2 protein chains.
Amino acid sequence: MNKKLYRGSLETIILKLLADNKEMYGYEITQVVKEMTSGTLELTEGALYPALHKLEGKGILSTETKNIGNRYRKYYSLTKQGKQQVPIIIEEMENYLKTIQIILNPKTA
Amino acid sequence: MNKKLYRGSLETIILKLLADNKEMYGYEITQVVKEMTSGTLELTEGALYPALHKLEGKGILSTETKNIGNRYRKYYSLTKQGKQQVPIIIEEMENYLKTIQIILNPKTA
DNA sequence: TTCACTTACCTAAGATTCTTAGGTATAAAT
DNA sequence: ATTTATACCTAAGAATCTTAGGTAAGTGAA
């Protein structure tokens with residue numbers, strides 16, 4: 001079973017989930033993706049956290065740290081700028097998927 | 001217009017084209033992809049040639065250099081090993097596309 | 001006939017984005 | 001008491017891309 005990510009899709013996945021769920025924390029994202037894809041897609045934390053930090057640095061995500069007992073969770077949500085960008089990024093991904101389909105399946109696509 | 005490749009798909013594209021076309025040379029691959037996708041996907045030679053060399057090094061592709069007047073073309077084709085691998089690689093890509101669709105479109109996918 | 005464009009190969013430096021492999025700490029379960 | 005799960009993180013290295021070149025022959029237009 002090949003569980004590697006095709007590079008470039010992680011960012012889109014994060015943004016789509018946050019568009020649907022308002023706010024999520026990192027670990028939650030890994031679990032939700034795993035559930036949604038029945039275990040096919042397992043995001044590694046070594047890829048996820050740097051990606052989240054990068055999106056925050058670009059002003060697309062903002063964070064709020066919440067205390068849960070003695071622990072904390074860092075919740076991410078889309079900024080106003082992020083909300084504007086998401087549909088564009090998702091459309092780019094969908095166009096790309098269609099384009100790949102043309103190559104993989106030139107008769108039906 | 002975003003023409004960047006989502007990383008990881010170039011190899012699959014090359015192998016699918018060679019499965020359909022028996023033999024092709026590098027420049028031809030860039031042109032065919034451009035035509036098939038109406039200009040959406042433009043493979044850069046800086047990505048393509050190293051990818052071809054890598055696949056040849058792994059024994060998946062073999063080459064035959066043909067003289068065209070004073071020039072030459074380097075034709076690539078699938079080895080026996082390559083022909084065995086292609087359907088597996090294509091299926092992996094298709095599974096991945098479906099998985100991404102689950103995230104992007106959780107209702108219909 | 002010269003100059004630009006296309007065809008056709010290539011490489012190298014740097015950027016990006018991933019994997020692998022850790023580390024830290026609390027909470028829950030065995 | 002120890003393992004597993006939750007929850008954050010980073011750093012080294014690998015892989016794969018972009019960008020920016022270089023070389024050379026064929027083609028077409030001014």
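Reminder, nothing fancy here: chain letters follow the sequence lines and each chain counts from 1. From a predicted model like this one, the values you see are computed outputs, not experimental measurements.
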What nucleotide, of [options], holds the atom closest to the side chain of [X]?
X: A:Y27; options: D:dG26, D:dA7, C:dC9; result: D:dA7
X: A:Y72; options: C:dT26, D:dG26, D:dC8; result: D:dC8
X: A:T44; options: D:dT18, C:dT20, C:dC9; result: C:dT20
X: B:Y49; options: D:dA25, D:dC9, C:dC10; result: C:dC10
X: A:K74; options: D:dC9, D:dA25, D:dT10; result: D:dC9

Establish, with yes or no, whether the OP1 or OP2 oxygen of [N] is under 4.0 angstrom from a side-chain nitrogen or oxygen of [X].
X: B:Y25; N: C:dA8; value: yes
X: B:K54; N: D:dT16; value: yes
X: B:R73; N: C:dA8; value: yes
X: A:H53; N: D:dC8; value: no

Whole angstrom is fine here: how far is it from [atom1] in [X] over to [atom2] in [N]?
X: A:M24; N: D:dA7; atom1: CE; atom2: C1'; result: 14 Å
X: A:N70; N: D:dA5; atom1: CG; atom2: P; result: 22 Å
X: A:L55; N: C:dT17; atom1: CG; atom2: C1'; result: 12 Å
X: B:N67; N: C:dA8; atom1: CG; atom2: C1'; result: 13 Å
X: B:E64; N: C:dC9; atom1: CD; atom2: C1'; result: 17 Å
X: B:L10; N: D:dA15; atom1: CG; atom2: C1'; result: 12 Å
X: B:L48; N: C:dT7; atom1: CG; atom2: P; result: 15 Å

Legend entry - DNA chain C: 5'-proximal contact among B:Y76 and B:R71 (nearest heavy atom): B:R71
Legend entry - 5' priority, DNA chain C, between A:E11 and A:I68 [closest heavy atom]: A:E11
Legend entry - Salt-bridge present (B:K54, B:E11; N to O < 4.0 Å): yes
Legend entry - Partner of A:T12 by side chain to side chain contact (heavy atoms under 4.5 Å, CB included), out of B:I103, B:L104, B:I100: B:L104
Inset, instruction - Please confirm whether the backbone N or O of B:L17 pairs with a side-chain atom of B:N21, one donor and one acceptor, at under 3.5 Å? - result: yes
Legend entry - Sidechain-backbone polar pair: A:T63 side chain, A:Y76 backbone, donor-acceptor under 3.5 Å: no
Inset, instruction - Looking at every strand, decide which applies to A:E45 at a 4.0 Å heavy-atom threshold: base, sugar-phosphate, or nothing. - result: base
Inset, instruction - Name the nucleic acid region contacted by A:G46, choosing base, sugar-phosphate or nothing; use a 4.0 angstrom heavy-atom cut-off, strictly under. - result: base
Inset, instruction - Would you give the length of the straight line joining atom CZ of A:R71 to atom CG of A:N67, rounded to the nearest 0.5 angstrom? - result: 11.5 Å
